[in-house]
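Presented below is the structure to which this report refers.
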Amino acid sequence: MFLAKVIGSVVSTQKNAQFQGMKLLVVQPHVYAEGGLKPSGGSVVAVDSVGAGLDECVLFTQGSSARLTPVTKDAPVDAVIVGIVDSVEIGGARIEKP
């Protein structure tokens, strides 16, 4: 799993039938560096399985694991948001969410 910040959404009127009803969000992965969470790499489009929104800190997974949620089962999905993060603690210290 990865930590990320929701930075946008994707609207697609023409899509594979298995994507009907799925909300697509753009997430920016983050890593722990220099005492905080910093953006890492490029953005990813992920299916939202938990009701996340813009600017929220989320957990997402990629690869075959992305097809294991009830929302994404058997769909051609490579990334899915699986949690909304309440707080992050590293080494006993609370870290500000992105």
Side-chain angles (χ1 to χ4, degrees):
M1 285 187 288
F2 303 93
L3 285 170
K5 180 178 181 177
V6 178
I7 60 171
S9 63
V10 175
V11 176
S12 175
T13 56
Q14 298 294 322
K15 56 191 165 199
N16 184 290
Q18 290 177 299
F19 282 103
Q20 294 298 324
M22 291 186 188
K23 182 167 70 168
L24 303 174
L25 296 175
V26 181
V27 297
Q28 172 67 60
H30 280 63
V31 296
Y32 181 72
E34 302 170 12
L37 293 171
K38 309 289 182 196
S40 168
S43 58
V44 175
V45 176
V47 171
D48 177 24
S49 72
V50 295
L54 188 63
D55 293 330
E56 286 194 286
C57 182
V58 296
L59 287 172
F60 79 99
T61 189
Q62 289 183 292
S64 60
S65 297
R67 292 185 299 279
L68 297 178
T69 72
V71 173
T72 59
K73 185 162 177 50
D74 298 325
V77 173
D78 187 56
V80 62
I81 297 169
V82 294
I84 299 172
V85 175
D86 294 320
S87 64
V88 177
E89 186 177 304
I90 297 176
R94 194 170 198 158
I95 306 299
E96 186 175 337
K97 296 186 298 182

Contacts under 3.5 angstrom, residues 38-56 side chains, donor-acceptor by atom type, not counting sequence neighbours:
{"unit_1": "D48", "atom_1": "OD1", "unit_2": "V50", "atom_2": "N", "d": "3.1"}
{"unit_1": "D48", "atom_1": "OD1", "unit_2": "G51", "atom_2": "N", "d": "3.1"}
{"unit_1": "D48", "atom_1": "OD1", "unit_2": "A52", "atom_2": "N", "d": "3.1"}
{"unit_1": "D48", "atom_1": "OD2", "unit_2": "K23", "atom_2": "NZ", "d": "3.0"}
{"unit_1": "D48", "atom_1": "OD2", "unit_2": "G51", "atom_2": "N", "d": "3.2"}
{"unit_1": "D48", "atom_1": "OD2", "unit_2": "A52", "atom_2": "N", "d": "2.9"}
{"unit_1": "S49", "atom_1": "OG", "unit_2": "I81", "atom_2": "O", "d": "2.5"}
{"unit_1": "E56", "atom_1": "OE1", "unit_2": "G53", "atom_2": "N", "d": "2.6"}

*asked:* Does V71 form a side chain to side chain contact (heavy atoms under 4.5 Å, CB included) with V80? I'd like the steps, not just the answer.
replied: CA-CA 9 Å; V71 173; V80 62; 6.0 Å; no
*same_hphob_cluster(M1, V26) at 4.5 Å side-chain heavy-atom cutoff*: yes
*asked:* Under the criterion side chain to side chain contact (heavy atoms under 4.5 Å, CB included), I'd like the reasoning laid out for L59 against L3: C-alpha separation, chi angles, the key distance, then a yes or no.
replied: CA-CA 5 Å; L59 287 172; L3 285 170; 3.7 Å; yes
*Quick one: which residue pairs count as a ring pair (Phe, Tyr, Trp, His ring centres under 6.0 Å) with a foot in residues 10-66, not counting sequence neighbours?*
F2-F60
*asked:* Tell me whether V27 shares a hydrophobic cluster with I84, the cluster being built from Ile, Leu, Val, Met, Phe, Trp, Tyr side chains joined at under 4.5 Å.
replied: yes
*Which pairs count as salt bridge (Lys or Arg N to Asp or Glu O under 4.0 Å) when at least one residue sits in residues 59-68, sequence neighbours excluded?*
none
*Side-chain cluster (under 4.5 Å, hydrophobic types only) that V11 belongs to, other residues*: none
*How would you list all residue pairs meeting ring pair (Phe, Tyr, Trp, His ring centres under 6.0 Å) that involve residues 76-98, not counting sequence neighbours?*
none
*Does anything in residues 79-98 pair up under ring pair (Phe, Tyr, Trp, His ring centres under 6.0 Å), and if so which pairs, sequence neighbours excluded?*
none
_Run the side-chain contact (heavy atoms from CB on, under 4.5 Å) test against A75 and tell me which residues pass, sequence neighbours left out._
Q18, M22, V77
*Among pairs that include at least one residue of residues 66-98, which meet ring pair (Phe, Tyr, Trp, His ring centres under 6.0 Å), considering only residues two or more places apart or in two chains?*
none
*asked:* Count I, L, V, M, F, W, Y as connected when their side-chain heavy atoms are under 4.5 Å apart, and connections chain through other members. Are I7 and V58 then in the same cluster?
replied: no
_Taking salt bridge (Lys or Arg N to Asp or Glu O under 4.0 Å) as the cut-off, I'd like each qualifying pair that reaches into residues 76-93, sequence neighbours left out, listed once._
none
_Nearest non-hydrogen partners of K5 and P98, listed with the distance_ = CD-C, 3.7 Å
*Take atom CD in E96; do more than 12 heavy atoms of anything else shown fall under 6.0 Å from it?*
no
